[in-house]
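Take a look at the structure below.
Whatever order the structure lists them in is the order used to number ligands and atoms, beginning at 1.
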Amino acid sequence: MTDTSPFPNSENDLHALREELAELRALQAIHHETREGLEALEMQLAGIIHSAMDGIITIDEQQRVVLFNAAAEKIFHCTAEQALGKPLDQFLPQSLQKIHRNHIHEFSVSGETTRLMDPYREIQGVRLTGEEFPLEASISQMKRSGKKWLTVILRDITQRKAHEDRISQLGRILDDLINEVYVFDGLTFQFTLVNQAARDNTGYSLEDLLRMTPMDLSSALTRQTFEEQVHPLMSGERKKMEYQAFYRRKNGTTYPVEVHLQYFVQEGNGLFVAIVVDLTDRIKTQRQLQETQRTLSTLLANLPGMVYRCRYDEQWSMEFISPSCRELTGYSAEVFLRGNPISFSRDVVLQEDRVKIFLEIEEALKRKRPFQLSYRIRKADGTIRWFWEQGCGIYAEDGTVLAIEGYVIDITQERMLEDQLRKTERLAELGTLASGMAHEIGTPMNVILGRAELLMRKAQDEHTRKGLSTIVTQVERITKIMNQLLSFARRRPSERRAVDMREVVTDVLDVLQEKLQKQHIQVERNEAEGLPRAWADPDQMNQVLLNLVLNACQAMPTGGKLSLGLVATEKGLELRVEDTGAGMSEEDLKKIFDPFFTTKGVGEGTGLGLTVVHGIIQEHEGSIRVSSLPGKGTVFLVTLPMHGVYASSTPGGESECPSGSI
Ligand code: ADP
Ligand code: MG
């Protein structure tokens, strides 16, 4: 259209005009469409911005907020109203505000359209509440009508970070674990995750292990046996299982392990988690412990006494007693242990000794010192035994008593020996005294006796003679006592030979024949055939039997029966002297061997007869026992060494000089 006239002047012009109009119309239509499109687009965009999961903030060149979407409201705990027109700064930590401001400015002049904000460093945001949180952001810019707009798209990554932190922490923990951890696939059984301990202990690298299965570590397993083994886990029948195995290291050595296995299904995939405990140390400690326990129990079994540990409560209830308890008390150890009705301190220790023990232990505990006690107990069979005990308290850090531990032995034997020793010592003293006395008194007595007899012969009147005769009998009685004392005191060492005890019995009965007849005592003798001879001093045997028979006679003043028996037993030749006389009370029975113990009237008994008998039997290494029932009678049993018992053990046939003891 070069023509300048405002009107069309030709067909051509008209045509051109028509065409231009059509073009214009078309253009107008396009324009209309574009506008509508743009409007729709704008609405769509607003929708997207509104419902976006990420926070979207647009700022102007002064970094003032001009758009603040719903997600941003949620992230910063701030409404759009509160945010619009305010500087972006308020959503950044103070320390970083300046850096960010510069950063954003530098970006806006860079000509770049988008950029990830600080991809290497974590960005922190600040909520309206002042709380800081990690975020991830990108920034983009756009120019429109000479103005520049910057849009920040951001995401609160608090949760993701916490999750990541937890995962990395778990990973570190896993690697720090002492136990080996293996995660493997439920289908292929191939390891998918192994920790540091697994790599260290097996000697395999991570790459090695990720190509392996549990069967490669435990040579005893095949795929089939392993499948069978883990079946209960995969079927859900069991939640976890444990088994022991041997694992083989890369270098060929093996070690014992305990495997704790669990099975999980995650997103349809099965996986196993195995925690593997190396048992090498545990087995070593167990062995050491067993060894110690064995040593201890052998030691306990070999100790003559028992050891215990009891609580410090009212009953001193036992926590432990060694098995030798049965031998010592007749009760098994179990009956004293917790919950059982028998208490050692209450039921076994004699009541008379209980308080004393209690006080001594309390005192020792107070001073934190060990204690030593001796006391009597009643065994299960009723016999009384002497116990000796050493123990001490076990204290807690604050000084309170936790328990009492100690060691107990039976000292009855020692006590008896001690008693005997004391008696023997007393007797020895007595002997010295007696022999001195006999010497001092003997001479004047002889003089008195001689003079009295002389005077008696010369005396004329009956009265004087009677008086003198009394003097003579009384002096003779003194002499008799003196002689008994002397026989006890100045006992010569026994001269032992083979003695036929039947002869001794015959001799004694001969001497006492008259007395026995007068007292109407019937005598019965019982002697086995082919009786061995005794190894003894014949005179002393005479003395023993004489004393026993005399006592028997005195116990049967109105007659009775005296039985004398001789038999050979395992322990030696046994002489039995039995009467049907008065008998003795239990009380007296305990004292009959004591010097000067007599129940007889003055002038009748010296109380030395059985003391002498006992001394002689002891010297012969024999034994004497007695049992008696008041009103019924008494039995004395004397055991003597047999001739030949010693001789046979001495080389060269018969020996006259025995040694050793039975
Ligand atoms: P004695 O005969 O001088 O009294 P012994 O030592 O011989 O002294 O005896 C001590 C005591 O033992 C006697 O007094 C008596 O009580 C008691 N006794 C000894 N033998 C018998 C017996 N066979 N029957 C009853 N009592 C006896
Ligand atoms: Mg006597």
What I'd like to find out is whether the side chain of Asp588 reaches to under 4.5 Å of the side chain of Thr599, using heavy atoms alone.
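With C-beta onward as the side chain, the pair touches.
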Yes or no: does [X] have any heavy atom under 4.0 Å from an atom of ligand 1?
X: Ala582; answer: no
X: Asp579; answer: yes
X: Thr634; answer: yes

Between the side chains of [Y] and [X], is the shortest nitrogen-to-carboxylate-oxygen separation below 4.0 Å, so that they form an ion pair?
X: Glu527; Y: Arg525; answer: yes
X: Arg533; Y: Asp500; answer: no
X: Glu363; Y: Arg367; answer: yes
X: Arg294; Y: Glu291; answer: yes
X: Asp353; Y: Arg376; answer: yes
X: Arg496; Y: Glu621; answer: yes

Mark yes or no: Lys356 above the aromatic ring of Tyr375, with NZ or CZ under 6.0 Å from the six-membered ring centre and no more than 45 degrees from the axis.
no
So, regarding [X] and ligand 1 (criterion: nitrogen or oxygen to nitrogen or oxygen, under 3.5 Å), is there a contact or not?
X: Gly607; answer: yes
X: Lys600; answer: yes
X: Met584; answer: no

At a cut-off of 2.8 Å, what protein N/O/S atoms sit near the Mg ion (ligand 2)?
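Near the Mg ion (ligand 2), the protein supplies Asn551 OD1.
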For atom 6 (O) of ligand 1, the option (of Asp594, Leu610, Val613) bearing the nearest heavy atom:
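When every heavy atom of Asp594, Leu610, Val613 is considered, Leu610 comes closest to atom 6 (O) of ligand 1.
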Using heavy-atom distances only, which candidate in Asn551, Leu562, Leu550, Asp588 approaches atom 7 (O) of ligand 1 most closely?
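Among Asn551, Leu562, Leu550, Asp588, the closest heavy atom to atom 7 (O) of ligand 1 comes from Asn551.
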Can you see which heavy atom on Ile617 is nearest to which on Ile624, and at what distance?
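So the minimum-distance heavy-atom pair works out to CG2-N, 4.1 Å.
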Tell me which protein heavy atom sits closest to [atom], plus the residue, atom name and distance to 0.1 Å.
atom: atom 4 (O) of ligand 1; value: Thr598 OG1, 2.5 Å
atom: atom 12 (O) of ligand 1; value: Ile592 CG2, 3.3 Å
atom: atom 16 (O) of ligand 1; value: Thr599 OG1, 2.4 Å

Need the ligand 1 atom indices (1-based, order shown) with element for anything under 4.0 Å from a heavy-atom of Phe597.
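The atoms of ligand 1 under 4.0 Å from a heavy atom of Phe597 are 8 (O), 10 (C), 11 (C).
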Numbering the atoms of ligand 1 from 1, which are under 4.0 Å from a heavy atom of Gly583?
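Atoms satisfying the 4.0 Å criterion: 25 (C).
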Tell me, yes or no, whether the heavy-atom count around Glu524 atom CD, taken from other residues, nucleotides or ligands under 6.0 Å, exceeds 12.
yes
Does either side chain, that of Glu258 or that of His260, offer a donor lying less than 3.5 Å from an acceptor on the other one?
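On atom types as modelled, these side chains qualify, holding a pair under 3.5 Å.
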Any residue meeting side-chain hydrogen bond (donor to acceptor under 3.5 Å, both in side chains) with Gln390, in chain and number order, not counting sequence neighbours
Gln372
